[in-house]
Amino acid sequence: QERLEESGGGLVQAGGSLRLSCTASRITRSIKAMGWYRQAPGKQRELVAIDSSAGSADYAASVKGRFTISRDNAKNTVYLQMNSLKPEDTAVYYCNAELYLRGAGSPYYTVWGQGTQVTVSS
């Protein structure tokens, strides 16, 4: 079964930077997209950034210009470079992969990592 493993979370002061990594293993299907979501206490999980295998990347408005998503396809790894961090970025960050059932354009399903905590102190 597919597995996503995140790393790189931690505690950082406001204005600082962190880089999250997520490596997918046991992948046997084509990847439609990989991305990052986050969930703060008492809030719903929200999209942070997503990188499509078609070559496009989308960001939440709140992180645009501060966060950058990138992928190493050979390693099935997605990164999230987070700069100019703010206390409101504090959340558990989850890696997500969308996998095609039967190849590009077919229905897809999602796989989630277990999450990594990011805490930004003021």
Side-chain angles (χ1 to χ4, degrees):
Q1 189 170 357
E2 300 92 352
R3 180 183 176 189
L4 300 179
E5 186 168 359
E6 303 108 329
S7 62
L11 172 65
V12 64
Q13 288 189 331
S17 298
L18 281 174
R19 188 194 195 206
L20 305 182
S21 299
C22 170
T23 298
S25 59
R26 305 172 191 169
I27 300 295
T28 60
R29 292 185 166 91
S30 297
I31 297 175
K32 177 179 182 293
M34 294 186 75
W36 293 92
Y37 290 69
R38 68 185 180 187
Q39 188 167 16
K43 295 188 177 182
Q44 289 188 329
R45 190 173 297 188
E46 63 175 0
L47 173 69
V48 176
I50 188 166
D51 183 81
S52 165
S53 295
S56 63
D58 289 313
Y59 297 89
S62 59
V63 307
K64 201 170 289 186
R66 299 188 297 122
F67 292 10
T68 302
I69 189 170
S70 61
R71 282 170 62 182
D72 183 334
N73 292 323
K75 296 181 179 179
N76 278 342
T77 298
V78 62
Y79 305 96
L80 186 67
Q81 178 66 44
M82 305 185 293
N83 299 328
S84 303
L85 282 160
K86 304 176 181 180
E88 51 263 43
D89 294 318
T90 295
V92 177
Y93 283 69
Y94 296 91
C95 179
N96 167 281
E98 297 174 352
L99 306 176
Y100 287 114
L101 280 171
R102 293 181 296 276
S106 69
Y108 65 92
Y109 60 100
T110 59
V111 180
W112 292 95
Q114 292 197 336
T116 184
Q117 176 70 46
V118 171
T119 303
V120 184
S121 63
S122 58

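Hydrogens, waters and symmetry mates are skipped; everything else that's a heavy atom, side chains included, is used. Predicted model only: the values in this text are computed from it and were never measured.
- Heavy-atom minimum distance, S52 versus R71: C-NH1, 3.7 Å.
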Begin with the C-alpha distance, continue with both residues' side-chain angles, and end with the deciding distance and a verdict on side-chain contact (heavy atoms from CB on, under 4.5 Å) for V92 and Y94. CA-CA 6 Å; V92 177; Y94 296 91; 3.5 Å; yes
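- The nearest pair of heavy atoms linking E2 to I27 is CG-CD1, 3.6 Å.
- No side-chain heavy atom of V118 sits less than 4.5 Å from a side-chain heavy atom of D89.
- Annotation for Q39: atom CD counts as buried by contact number, over 12 foreign heavy atoms lying within 6.0 Å.
- Nearest heavy-atom pair, A24 versus M34, reported as atom, atom and distance to 0.1 Å: CB-CE, 4.2 Å.
- Cluster annotation: I31 and W112 are assigned to distinct hydrophobic clusters (Ile/Leu/Val/Met/Phe/Trp/Tyr, side-chain heavy-atom contacts under 4.5 Å, transitive).
- Side-chain heavy-atom separations under 4.5 angstrom define the hydrophobic clusters, and the remaining members of the one that includes Y100 are Y108.
- You'll find the side chain of N96 reaches within 4.5 Å of the side chain of E98, heavy atoms only.
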Evaluate the criterion side-chain contact (heavy atoms from CB on, under 4.5 Å) for residue pair S53 and K32; output intermediate values, then yes/no. CA-CA 5 Å; S53 295; K32 177 179 182 293; 5.6 Å; no
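- Counting heavy atoms from C-beta outward, M82 and W36 have side chains that stay 4.5 Å or more apart.
- Relative ring orientation between Y93 and F67 is described as tilted, the plane-to-plane angle lying within the 30° to 60° band.
- The minimum heavy-atom distance between T23 and K75, with the atom names listed, is CG2-O, 3.8 Å.
- Using modelled atom types and a 3.5 Å distance limit, the side chains of T119 and Q117 yield a donor-acceptor pair.
- Across R29 and L101, no two heavy atoms sit closer than the pair NE-O, 3.2 Å.
- Smallest separation of non-hydrogen atoms from P107 and R102: CD-NH2, 3.6 Å.
- For the side-chain contact (heavy atoms from CB on, under 4.5 Å) with I69, the qualifying choice from V48, L20, D51 is D51, the only one to do so.
- Distance alone, capped at 3.5 Å, places no donor-acceptor pair between the Q114 side chain and the E5 backbone.
- Placement of L18 and L4 within a single hydrophobic cluster is found when ILVMFWY residues are connected by side-chain heavy-atom separations under 4.5 Å, directly or transitively.
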Given T68 and Y79, is the side-chain contact (heavy atoms from CB on, under 4.5 Å) satisfied, shown in steps? CA-CA 8 Å; T68 302; Y79 305 96; over 6 Å; no
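- Using a 4.5 Å cut-off between side-chain heavy atoms of Ile, Leu, Val, Met, Phe, Trp and Tyr, with links allowed through other members, Y59 and V120 fall into the same hydrophobic cluster.
- Panel note: side chain E46, backbone R38; no donor-acceptor pair is recorded below 3.5 Å.
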